[in-house]
Colleague: 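Have a look at the structure that comes next, please.
Proteins get letters first, then strands, A, B, ... in listed order; numbering begins at 1 in each.
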Number of protein chains: 2
Amino acid sequence: MPRPSLKDQRSEQILDAYLTCVSRFGLEGATQEHVATEAGVKRPILRHYLGNKDQMTGALISHVVDRFARATTALQDALEPTGTPADLIDLLFDKSVPNDPRVMLAYQSLVTSVANHPSMRQPLVNSLEQFFEVIEAVLKRAFPNAPADQIRAVSQGISATYVNLDSLTPLNPPEVWRAELKQAATILAASLEATA
Amino acid sequence: MPRPSLKDQRSEQILDAYLTCVSRFGLEGATQEHVATEAGVKRPILRHYLGNKDQMTGALISHVVDRFARATTALQDALEPTGTPADLIDLLFDKSVPNDPRVMLAYQSLVTSVANHPSMRQPLVNSLEQFFEVIEAVLKRAFPNAPADQIRAVSQGISATYVNLDSLTPLNPPEVWRAELKQAATILAASLEATA
DNA sequence: AAGTATATTGTCAATAATGACAATTAATAA
DNA sequence: TTATTAATTGTCATTATTGACAATATACTT
């Protein structure tokens, strides 16, 4: 008999707006007013669904980590069990894939603020390691004879080129940068052929 | 006859504290109170030397861009006229070199906030291009026959691995990550040998 | 010692951001 | 239609942040 609850949808809507604001203003620069405006609701709504600012922030951190982890899982699912390094790089760098740079930008903002919120350090590290592992798995399958440390290095390099690209999106980087970073990732992957 | 001016020293001291705060709280999260505390001065001092918040922020942006550009120039000076790619990578990745990750973190925070301060976009892009060019110059000297687009790609890749390393410092990344990213950069540079 | 320009601090008003809660509106079932 | 529960909005007190300026302290010169 009660009015149907919108808690899930509204929470998601608010957290997504919050994520957008964090990607633009940083974690400590995203005010409730910013979030409310971005979400198209009045400020008290935020409190109603997510509690006070501390609780909101806690929820946001989980949300960002979760979004990043989900993107990692989606990447993994798209590549298992037979994806090649070329497939991986296409997924990471092709604009056709609907990538959401906000997530990576918000992620970066969290990393920046980790000293002020020490408890989020471990989740951030873990989700990043998870991302590395997906890359590693693809490389290991393609180059089973390559030494482990070299695979790790190439994985880190590919990850770095990808993260870097997303980090630069606010600058409206010229399209060539994307192509160049993609080529760098390709070169890294190709380096494993020699050792196989 | 007047009391000697401390404008230069104090301005530098304040801007450096401001830079620290931006690297920790982001551009929109660094309050005057934060900066004053970090600099070890009272808040009105900030206004006295740098004006109101807008002017302070303007000065900070110039300061960060300048610090980054100076670091680039220092890198260039250390490598001209005979530095090799191996020298470059040592300078970028060796902990012995007194690198200041705050500069890169603050730089990243500026990039994040560029939508809110559009005028800083071009200086940021320019200083980044300058950084690329130093890397390119070293590679071009070592591999004069390598195709230009490949040099660009490798430069972007090396830059990305370096930027990525600094971006992760708040996470206290394990030392292996540094070694792995350095190795990735080395692999990228080595890839140019094949084409020469 | 006195004058002078600057450094430094103290203080208060104005604005922004947050916390908290009351009041109203809306949707559903009986 | 009415009861019920949640959504949504309005509002005010508290705190945080900034702007502005007066007042004092300090170092140097003559």
Colleague: Quick test of your reading: applying ring-ring contact (aromatic ring centres under 6.0 Å, His included), list the pairs with at least one residue in residues 61-99 of chain B, sequence neighbours left out, ordered by first then second residue.
Modeller: B:Phe68-B:Tyr107, B:Phe68-B:Phe131
Colleague: For residues 6-16 of chain A, which residues have at least one heavy atom under 4.0 Å from DNA chain D?
Modeller: A:Leu6, A:Lys7, A:Arg10
Colleague: Could you state the CD1-P distance from A:Ile45 to C:dT18, rounded to the nearest angstrom?
Modeller: 17 Å
Colleague: Using the test side chain to side chain donor-acceptor pair (under 3.5 Å), find all partners of B:Gln156 that sit at least two apart in sequence or belong to another chain.
Modeller: A:Glu180
Colleague: Please enumerate all residues that pass side-chain contact (heavy atoms from CB on, under 4.5 Å) together with A:Ala71, with sequence neighbours excluded.
Modeller: none
Colleague: C:dA17 P sits how many Å from A:Glu28 CD, rounded?
Modeller: 15 Å
Colleague: Answer yes if B:Ile14 and B:Phe25 sit in the same cluster of Ile, Leu, Val, Met, Phe, Trp and Tyr residues linked by side chain heavy atoms under 4.5 Å apart, and no otherwise.
Modeller: no
Colleague: Does the protein touch nucleotides 10-24 of chain D at the base, only the backbone, or not at all? Give it as B, S and - per nucleotide, heavy atoms under 4.0 Å.
Modeller: B------SBBB----
Colleague: Applying salt bridge (Lys or Arg N to Asp or Glu O under 4.0 Å), which residue pairs with at least one partner in residues 43-65 of chain B are found, sequence neighbours left out?
Modeller: B:Glu33-B:Arg43
Colleague: Give every residue pair that meets the salt bridge (Lys or Arg N to Asp or Glu O under 4.0 Å) criterion with at least one member in residues 126-135 of chain B, sequence neighbours excluded.
Modeller: B:Glu129-B:Arg152
Colleague: According to ring-ring contact (aromatic ring centres under 6.0 Å, His included), who are the partners of B:Tyr49, at least two apart in sequence or on a separate chain?
Modeller: none
Colleague: Examine C:dT6: is either OP1 or OP2 under 4.0 Å from a nitrogen or oxygen in the side chain of B:Tyr49? Give yes or no.
Modeller: no
Colleague: From NE2 of A:His48 over to P of C:dA22, roughly how many Å is that when rounded to an integer?
Modeller: 15 Å
Colleague: Can you list the residues that meet the side-chain contact (heavy atoms from CB on, under 4.5 Å) rule with B:Asp66, with sequence neighbours excluded?
Modeller: B:Arg70
